[in-house]
Amino acid sequence: MYQAPRGTSDILPEEQAYWRFVEQKVTSICQLYGYERLDSPVFEDTGLFARSVGPGTDVVEKEMYTFTDKGGNQLTLRPEGTAPVCRAYLEHGMPNLPRPVKLYYYFIPVFRYERPQAGRYRQHYQFGFEAIGEDDPALDAEVIDMAWQFFLSLGLHHLSLQLNSIGCRQCRPIYLNALKNHYASHATELCTDCKVRLERNPLRLLDCKKSSCQAVADSAPRSTDYLCSECRVHFSRLKEYLKLLKIPFTLNHRLVRGLDYYTRTVFEIQPRDAGAQSTLGGGGRYDDLIEELGGKPTPAIGLAAGIERMVLNLKKQAVAVPPFPRPQVFIAHLGNEAKDEAIKLASRLRQASTSIIMATGQRSLKAQLRQANTSAIRHAVIIGEQEVKSGTVVLRDMTNARQKTVNPAALPGLLG
RNA sequence: GUGAGUGUAGCCCAGUGGUCUAAGGCGCCAGGUUGUGGCCCUGGAGAUCGAGGGUUCAAAUCCCUCCACUCACCCCA
């Protein structure tokens with residue numbers, strides 16, 4: 001027997017109500033904030049991701065699904081959503097559009113070769129949005145506001161917004177240097193992982209969870225103390241705007257994010273009783289990315305959020321989502337002539353926009369009604385030999401067991 | 001890639017060497033009502049006990065290998 005590949009899963013009918021619910025909230029928030037949808041291909045040139053996400057990151061180094069196609073092209077199933085949007089932005093001349101250009105994507109499959117665990121998969125789905133071409137901290141605030149309002153609109157409670165600024169290409173190197181010096185002077189206290197991080201990706205040192213490293217992290221220099229004057233002003237304006245908007249945020253000096261393209265503002269939204277894979281959504285500025293991909297210097301900011309984690313939290317917090325709509329009518333029949341009539345009736349009603357499940361096979365009326373019942377269908381239409389003779393049908397209301405003989409032409413008007 | 005736990009019907013699970021030709025519940029199918037669901041009663045179908053190998057007179061049960069799932073590390077959504 002075949003199984004779905006490791007780390008992938010089927011989204012079964014009983015799950016769909018959650019996914020539909022999220023989709024509806026995504027579309028409405030994006031419409032509310034003036035974002036337009038962009039769908040990009042599932043795979044891209046490997047170089048696009050290697051370059052933007054960063055050659056030293058785990059995502060690029062060991063998690064990409066990369067393959068060579070028959071034409072010899074190096075391609076990669078997308079491990080994230082921002083780089084493709086930036087590629088499309090450049091490819092289709094969007095720098096000429098009024099700024100900022102606001103784009104969103106929804107339900108894109110994202111692939112990373114990782115060991116699966118709660119809330120983490122090899123193929124998962126993301127929603128995200130990007131605002132490209134503006135460095136005003138008011139835009140940062142709007143993006144964070146949009147993310148915050150979105151998660152609230154899902155009905156999730158006890159969320160926390162973590163915020164930090166990691167500086168720009170002027171001030172970040174100075175900070176990284178200070179950070180490295182600090183850690184180097186505590187090198188003997190560090191775990192083996194952190195010794196590697198010190199060389200490869202010093203920002204990641206900050207979120208090591210080992211207690212010995214936590215102590216070093218607690219006394220480590222903070223990126224916000226090393227911001228250049230522009231970045232400092234930018235960050236403090238952002239905080240003012242967030243206060244203006246009454247969005248509660250927690251400054252988190254350890255929040256760094258794992259992709260190299262982030263600059264200045266970084267943020268994450270997490271449920272407060274967080275498990276291991278807690279982040280619902282995260283994002284930040286990537287002011288150098290468009291330039292890195294061959295465009296003119298163009299500041300930008302965005303967010304990505306994982307749909308599975310939303311669904312996980314909707315269930316955990318017992319949020320009631322609208323049920324998937326059931327067909328209105330079940331058509332039961334007895335005998336061959338009645339079946340012919342039933343087939344014709346089903347077709348006519350569907351053309352009149354009435355949703356129908358018609359019994360197939362030759363089962364007893366009891367079995368047919370049992371199916372209508374378990375399928376949670378409100379009305380049953382029954383056609384037997386008597387009805388065929390008189391040109392009528394029996395309409396039964398399954399919620400109260402009342403039924404009457406009616407003319408089939410009158411059916412559409414009789415269905416609640 | 002590392003560590004821990006778990007794999008018995010569609011689902012939940014009992015069974016820890018012979019009485020297992022594997023129990024129960026949910027669900028499914030059928031009958032009890034020769035044309036009427038939900039409750040109840042009765043019956044039925046459905047399991048090569050994750051896979052392969054080994055120990056033993058005898059393995060769902062013990063051992064080994066592999067696979068999968070779960071959780072955690074790592075990293076992120």
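Letters go in sequence order (proteins before strands), and every chain restarts at 1.
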Figure out the NE2/C1' separation between A:His333 and B:rU36, and round it to whole Å.
14 Å
Complementary nucleotide for B:rG17 - Watson-Crick or wobble, under 3.5 Å:
none
From the list A:Asp140, A:Asp136, A:Asp135, side chain to side chain donor-acceptor pair (under 3.5 Å) partner of A:His234 resolves to A:Asp140
Base, sugar-phosphate, or nothing for A:Thr399, non-hydrogen atoms under 4.0 angstrom?
base
Output the single nucleotide from B:rU36, B:rA77, B:rC71 whose closest atom is nearest the side chain of A:Leu369.
B:rU36
Begin with the C-alpha distance, continue with both residues' side-chain angles, and end with the deciding distance and a verdict on ring-ring contact (aromatic ring centres under 6.0 Å, His included) for A:Tyr262 and A:Tyr286.
CA-CA 5 Å; A:Tyr262 285 110; A:Tyr286 46 94; 7.1 Å; no
Rounded to whole Å, please give me the gap between CD in A:Gln3 and C1' in B:rC67.
8 Å
Without decimals, in angstroms, what is the distance between A:Phe49 CZ and B:rA77 P?
13 Å
In whole Å, I'd like the distance from the CG atom of A:Leu365 to the P atom of B:rG31.
11 Å
Taking the six-membered ring of A:Phe129, is NZ or CZ of A:Lys102 closer than 6.0 Å to its centre and within 45° of its axis?
no
A:Arg363 has a side chain; which of B:rG35, B:rC29, B:rU36 sits nearest to it?
B:rC29
Check if the side chain of A:Gln368 and the base of B:rU36 share a donor-acceptor pair of N or O atoms closer than 3.5 Å.
no
Counting any heavy atom closer than 4.0 Å, what does A:Ala401 reach on the DNA or RNA strands: base, sugar-phosphate only, or nothing?
base
Quick one: look up who B:rC66 pairs with, Watson-Crick or G-U, both distances under 3.5 Å, and put none if it's unpaired.
B:rG50
Ignoring hydrogens and geometry beyond distance, is the side chain of A:Lys366 in donor-acceptor contact with the base of B:rG38 at under 3.5 Å?
no
Of A:Ala4 and A:Val59, the one whose closest RNA chain B nucleotide lies more 5':
A:Ala4
Under the 3.5 Å rule, do the base of B:rU36 and the side chain of A:Arg370 count as making a donor-acceptor pair?
no
At 4.0 Å (heavy atoms only), tell me whether A:Ala304 reaches a base, stays on the sugar-phosphate, or touches nothing.
sugar-phosphate
If pairing requires Watson-Crick or G-U wobble contacts with both distances under 3.5 Å, which nucleotide is the partner of B:rG10?
B:rC26
Mind checking who B:rC71 pairs with, Watson-Crick or G-U wobble, both distances under 3.5 Å?
B:rG3
Over how many whole Å does the gap from A:Arg257 atom CZ to B:rA77 atom C1' extend?
8 Å
Please report the distance, rounded to the nearest Å, between CD in A:Glu80 and P in B:rC75.
18 Å
Closest nucleotide of RNA chain B for A:Tyr262 versus for A:Gln386: which of these residues is on the 5' side?
A:Gln386
Pair of N/O donor and acceptor under 3.5 Å linking B:rG35 base with A:Glu387 side chain:
yes
Please confirm whether any donor atom in the side chain of A:Arg115 sits under 3.5 Å from an acceptor in the base of B:rG3, or the reverse.
yes
To the nearest angstrom, how far is A:Asp58 atom CG from B:rA77 atom C1'?
15 Å
Say you pick atom C1' in B:rG53 and the same atom in B:rC67; how far apart are they, in whole Å?
14 Å
Flag, side chain of A:Gln328 to backbone of A:Ile377, donor-acceptor distance under 3.5 Å
no
Length of the CD-P vector between A:Glu63 and B:rA77, whole Å:
10 Å
Could you work out which one of B:rC71, B:rA68, B:rU36 sits closest to the side chain of A:Arg6?
B:rA68
Mark yes or no for a side-chain to base donor-acceptor pair under 3.5 Å between A:Gln117 and B:rC74, with no hydrogen or angle criteria applied.
yes
Is there a donor-acceptor contact under 3.5 Å linking the side chains of A:Arg254 and A:Gln214?
yes
Nearest-Å distance once atom C1' is located in both B:rC40 and B:rU33
14 Å
Indicate whether OP1 or OP2 belonging to B:rC74 is found under 4.0 Å from a side-chain N or O atom of A:Arg120.
no
Test item: side-chain donor near acceptor, A:Asp397 and A:Thr399, under 3.5 Å
yes
Polar side-chain contact A:Asn373-B:rG37 base: donor and acceptor under 3.5 Å
yes
Ring centroid separation for A:Tyr175 and A:Tyr226, is it under 6.0 angstrom?
yes
Does B:rU33 pair with anything, Watson-Crick or G-U wobble, both distances under 3.5 Å, and if so, with which nucleotide?
none
Base partner of B:rU61, which must satisfy Watson-Crick or wobble distances under 3.5 Å:
none
